[in-house]
**Student:** 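Next up is a structure, given as structure tokens.
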Amino acid sequence: MKKFAVAAALLTAVVATPALAADGGEARVEVRGGYISGGGLDDATLGIAGGYDLNAGQTTFIGAEIAGDKVLKNGFDVQFSAGGRAGANVGTNGKAYVNAGYTFGQIDDPYVGAGYQHKLGQNVYGKIEYRHQFINNFSDHDTFGVGVGLAF
């Protein structure tokens, strides 16, 4: 529970910092869910995430993200992650990206993935994402997720 409180505090700090909304960048918060499979685990997940993307040219961006996700099954704690992403703007409303980072909690291991985020309105976006987590103690896991968020 302490780890969840720390992640929530970090997310609040990211969201509450007005300087992050400056030209050239975009802060974001989201709710997400998905499906995780691997190592005998086939279950739904639910989580929250916050991050910031910075324009790295006319068509590219880089960003950072922190998140907390829970496998919706008894006996699993919230799994936290911190990572980065880099990608390309697709038209005026889309972002295609690759990401990588590290999860910590019950399982402490790296992940890589890819996704697509699309504006559904001025500040609302939807996204789909795939992550592959490299787990030393078990077999690797694959997560397929969707999310809805606010960008500002």
**Student:** May I ask you to test the Arg85-Val98 pair for a side-chain heavy-atom distance under 4.5 Å?
**Tutor:** no

**Student:** Quick check: closest heavy atoms across Ile128 and Tyr97, and the distance to 0.1 Å?
**Tutor:** O-OH, 3.9 Å

**Student:** Would you mind reporting whether Glu26 and Asn55 have side-chain heavy atoms less than 4.5 Å apart?
**Tutor:** no

**Student:** With the side chain counted from C-beta on, respond yes when Val148 and Val31 share a heavy-atom pair under 4.5 Å apart, and no when they do not.
**Tutor:** no

**Student:** Is there a donor-acceptor contact under 3.5 Å from the side chain of His132 to the main chain of Asp142?
**Tutor:** no

**Student:** So do the side chains of Val29 and Ile48 get within less than 4.5 Å of each other, counting heavy atoms only?
**Tutor:** no

**Student:** What's the shortest heavy-atom distance between Ala49 and Ala67, and which atoms?
**Tutor:** CB-CB, 3.7 Å

**Student:** Measure the shortest side-chain to side-chain distance between Ile66 and Phe80 over non-hydrogen atoms and say whether it is less than 4.5 angstrom.
**Tutor:** no

**Student:** Would you check if the side chain of Tyr52 reaches a backbone N or O of Gly63 as a donor-acceptor pair within less than 3.5 Å?
**Tutor:** no

**Student:** Side chains of Tyr111 and Asn99: does their closest heavy-atom pair fall under 4.5 Å?
**Tutor:** yes

**Student:** Which distance, rounded to the nearest 0.5 Å, do you find between the CD1 of Ile36 and the CG of Leu72?
**Tutor:** 11.0 Å

**Student:** Are any side-chain N or O atoms of Gln133 and backbone N or O atoms of Tyr102, one a donor and one an acceptor, separated by less than 3.5 Å?
**Tutor:** no

**Student:** If two hydrophobic side chains count as joined below 4.5 Å and joins carry through other members, does Phe152 share a cluster with Val124?
**Tutor:** yes

**Student:** Going by salt bridge (charged side-chain N to carboxylate O under 4.0 Å, His left out), name the residues that satisfy it together with Arg32, two or more places apart in sequence or in a different chain.
**Tutor:** Glu30, Glu65, Asp69

**Student:** In terms of side-chain geometry, is the basic nitrogen of Arg131 or Glu129 positioned less than 4.0 Å from the acidic oxygen of its partner?
**Tutor:** yes

**Student:** Under a 4.5 Å cut-off applied to non-hydrogen side-chain atoms, are Asp53 and Ile62 in contact?
**Tutor:** no

**Student:** Can you list the residues that meet the side-chain hydrogen bond (donor to acceptor under 3.5 Å, both in side chains) rule with Ser37, with sequence neighbours excluded?
**Tutor:** Asp42

**Student:** Is there a continuous path of hydrophobic side-chain contacts, each under 4.5 Å between heavy atoms, that joins Val112 to Tyr116?
**Tutor:** no

**Student:** Mind checking the CD-CG spacing from Gln79 to Asp108? Nearest 0.5 Å is all I need.
**Tutor:** 7.0 Å

**Student:** Answer yes or no: is there a donor N or O on one side and an acceptor on the other, between the side chain of Ser81 and the main chain of Thr103, under 3.5 Å?
**Tutor:** no

**Student:** For side-chain contact (heavy atoms from CB on, under 4.5 Å), just list the numbers for Asp109 and Phe104, CA-CA rounded to whole Å, side-chain angles, deciding distance to a tenth of an Å, and then say yes or no.
**Tutor:** CA-CA 7 Å; Asp109 287 297; Phe104 51 96; over 6 Å; no

**Student:** What's the verdict on ring pair (Phe, Tyr, Trp, His ring centres under 6.0 Å) for Phe144 and Tyr35, showing C-alpha distance, side-chain angles and the deciding distance?
**Tutor:** CA-CA 5 Å; Phe144 305 91; Tyr35 184 77; 7.3 Å; no

**Student:** Is Tyr125 close to Leu150 at the side-chain level, that is, under 4.5 Å between some pair of heavy atoms?
**Tutor:** no

**Student:** Would you call Asp77 and Lys70 a salt bridge, using N to O less than 4.0 angstrom?
**Tutor:** no

**Student:** Can you tell me how far NZ of Lys73 sits from OG1 of Thr45, rounded to the nearest 0.5 angstrom?
**Tutor:** 13.5 Å

**Student:** Does Phe61 have Lys95 sitting over its ring (NZ/CZ under 6.0 Å from centre, angle to axis within 45°)?
**Tutor:** yes

